Amino acid sequence: MDISTTFQTINWLAVLIATASAFFIGGMWYGPVFGKAWMKEMNLTEEDLGKRNLPKVFGGAILLTLIATINLAMFIGPEADVTFGGLAGFFAGFGWVSTFIGTIYLFGDKSLKLFFIDAGYCTITLTTIGLILGAL
C-alpha cells in the first residue's frame, strides 16, 4: 500500500475523536489525578503555569496529538479491530514512547515519579487512541 492510499483509508472521524480523547485524559491526568505531583516533580508553581502562552501550548499539543493519532492510524491500518488497536496503542505507548522517555529522563536525572506520571499518560492515552481507532 502506498502513502496516498494509506491516507485515503484513514477514518478521519475516528482520528478526531481519538485526538479529543487525549485532551480529556490529559486534563484529568495532569489535573486532579497527578497535577500537583507533576508540578512538584517539574519544579513548577501555579504562577509558573499561569505565565505560559496558552494558545501556543494548547495549539501545539493539539497539533502534536493529531500527528501521533494519524501515525497510529496509519500503523494499525484500516482493517484493525478494537483488540488490535488497543494492543497496538498500548505497545506504542509502553514499548516505544515510555522507553524513550525513560532514557531521556535517565540522562536528564529526572525522578522515577515523574517518569511514571508522564509515561503512564502516554501509555494510557495511546491505548485509548488505539481502542477508538480500532472500534470505529
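Fair warning: this is a prediction, and the values are worked out from it, not measured in the lab. Note that these values count all heavy atoms, side chains included, but never hydrogens, waters or copies made by symmetry.
Residues Y30 and D118 are in side-chain contact: their nearest non-hydrogen atoms beyond the backbone lie under 4.5 Å apart. The closest side-chain heavy-atom distance from I10 to P78 is not below 4.5 Å. Side-chain contact between D48 and T45 is present, with heavy atoms from C-beta onward closer than 4.5 Å. The shortest distance between side-chain heavy atoms of L126 and F91 does not fall below 4.5 Å. Between W12 and L16, the closest side-chain pair of non-hydrogen atoms is not below 4.5 Å. Contact check for K40 versus K113: no side-chain heavy atoms found under the 4.5 Å cut-off. For the pair T127/F94, no side-chain contact is recorded, criterion being any heavy-atom separation below 4.5 Å from C-beta on. With contacts defined as side-chain heavy-atom distances shorter than 4.5 Å, the pair W38/L44 qualifies.
Aromatic ring pairs are classed by plane angle as parallel below 30°, tilted from 30° to 60° and perpendicular above 60°; the pair F75 and W96 is perpendicular. Ring planes of F23 and F58: tilted class, angle from 30 to 60°.
At a threshold of 4.5 Å between side-chain heavy atoms, the hydrophobic network of Ile, Leu, Val, Met, Phe, Trp and Tyr places V15 and L72 in one connected group. Neither I67 nor I70 shares a network with the other; the hydrophobic side chains, linked directly or stepwise wherever heavy atoms of I, L, V, M, F, W or Y lie under 4.5 Å apart, form separate groups for each. Residues I17 and I76 do not share a hydrophobic cluster, defined by chaining ILVMFWY side chains whose heavy atoms lie under 4.5 Å apart. Both L114 and Y121 sit in one connected hydrophobic cluster of ILVMFWY residues. Membership requires side-chain heavy atoms under 4.5 Å apart, directly or through other members. Hydrophobic clustering, with ILVMFWY side chains joined whenever heavy atoms are under 4.5 angstrom apart, groups F7 together with L133.
The CD1 atom of I101 sits 12.5 Å away from atom NZ of K110, with the distance rounded to the nearest 0.5 Å. Atom CD1 of I132 and atom OG1 of T19 lie 9.0 Å apart (nearest 0.5 Å). Rounding to the nearest 0.5 Å gives a distance of 7.0 Å between CD1 of I117 and OG of S111. Note that CG of L13 and CG of L136 are 6.5 Å apart. Values are rounded to the nearest 0.5 Å. Atom CE of M39 and atom CD of E46 lie 4.0 Å apart (nearest 0.5 Å). Taken from OG1 in T65 to CG in N71, the straight-line distance is 12.5 Å, to the nearest 0.5 Å.
Between the side chains of T123 and S98, a donor-acceptor pair is found at a separation under 3.5 Å.
Counting heavy-atom neighbours within 6.0 Å of F115 CZ, excluding the residue itself, gives a total above 12.
For W29 (side chain) and F24 (main-chain N/O), no donor-acceptor pair under 3.5 Å exists by modelled atom type.
Heavy atoms only, all atoms of each residue included: S21 and I129 are closest at OG-CG1, 4.2 Å.
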